[in-house]
Participant: 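Just dropping this structure here.
Atom set for the values below is all heavy atoms of this structure, side chains included, hydrogens, waters and symmetry mates excluded.
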Amino acid sequence: MVASIYLFFFFMSSNKVSESEYQQLINQGLLHVEEKVWLEQFKGHAHSMVLDWALQVAGEALGANRNRHIRAFSQIANHIRKEQVQIEDAINMPMPFQYFHIM
């Protein structure tokens, strides 16, 4: 989930994730080289895919207790995604919402 947040801000700052930014995630142990290679070929938002991977890994790690605890992980992931969408929408808005309604 932390890698998703990093990737989101990397992407929002320059509309792409650079090689050095991927290397930073690899060095911190948040991403594997194989995952980086796959994400570079992925056509969508890498941060969303990594968030999905995190949920899948959490589900598999929980095993038999999955149904009991996966809801908490899903709520956290949904909150992260919701905040990412709000930030992206605010950055992409050509005119602040308040100014638009004054006109």
Participant: Look only at the side chain of Glu83 and the backbone of Ile80, and say whether a donor-acceptor pair between them is shorter than 3.5 Å.
Facilitator: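 The answer is no, because no donor-acceptor pair under 3.5 Å joins these two groups.
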Participant: Grouping I, L, V, M, F, W and Y whenever their side-chain heavy atoms are under 4.5 Å apart, do Val57 and Ile26 come out in a common cluster?
Facilitator: no
Participant: Pairs under 3.5 angstrom only: tabulate donor-acceptor contacts from the side chains of residues 41-48 to other protein residues two or more places apart or in another chain.
Facilitator:
from: His47; atom 1: ND1; to: Gln84; atom 2: OE1; distance (Å): 3.3

Participant: Show me, pair by pair, the donor-acceptor contacts under 3.5 angstrom made by side chains of residues 5-20, not counting sequence neighbours?
Facilitator:
from: Ser13; atom 1: OG; to: Phe9; atom 2: O; distance (Å): 3.4
from: Ser13; atom 1: OG; to: Phe10; atom 2: O; distance (Å): 2.8
from: Ser14; atom 1: OG; to: Lys16; atom 2: O; distance (Å): 3.0
from: Ser18; atom 1: OG; to: Ser20; atom 2: OG; distance (Å): 3.1
from: Ser18; atom 1: OG; to: Glu21; atom 2: N; distance (Å): 3.2
from: Ser18; atom 1: OG; to: Glu21; atom 2: OE1; distance (Å): 3.3
from: Glu19; atom 1: OE1; to: Lys36; atom 2: NZ; distance (Å): 3.4
from: Glu19; atom 1: OE2; to: Lys36; atom 2: NZ; distance (Å): 3.2

Participant: Give me the atom names and distance for the closest heavy-atom approach of Leu55 to Ile70.
Facilitator: O-CD1, 3.9 Å
Participant: Can you name the nearest heavy-atom pair linking Ala3 to Val50, along with the distance?
Facilitator: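 Smallest heavy-atom distance, with atoms named: CB-CG1, 3.8 Å.
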Participant: Taking Val2 as the starting point, is it possible to reach Ile87 by hopping between hydrophobic residues whose side chains are less than 4.5 Å apart?
Facilitator: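 Ile87 clusters together with Val2.
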Participant: Hey, is NE2 on His32 packed in by over 12 heavy atoms from elsewhere, all under 6.0 Å?
Facilitator: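 Atom NE2 in His32 is not packed in, count stays at 12 or less.
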Participant: Given the rule in the side-chain contact (heavy atoms from CB on, under 4.5 Å) test, do Met1 and Ile76 qualify, once you have shown the distances and angles that lead to the verdict?
Facilitator: CA-CA 9 Å; Met1 289 188 183; Ile76 293 167; 3.6 Å; yes
Participant: If a pair satisfies side chain to side chain donor-acceptor pair (under 3.5 Å) and one of its residues is in residues 51-64, list it, with sequence neighbours excluded.
Facilitator: Asp52-Gln56
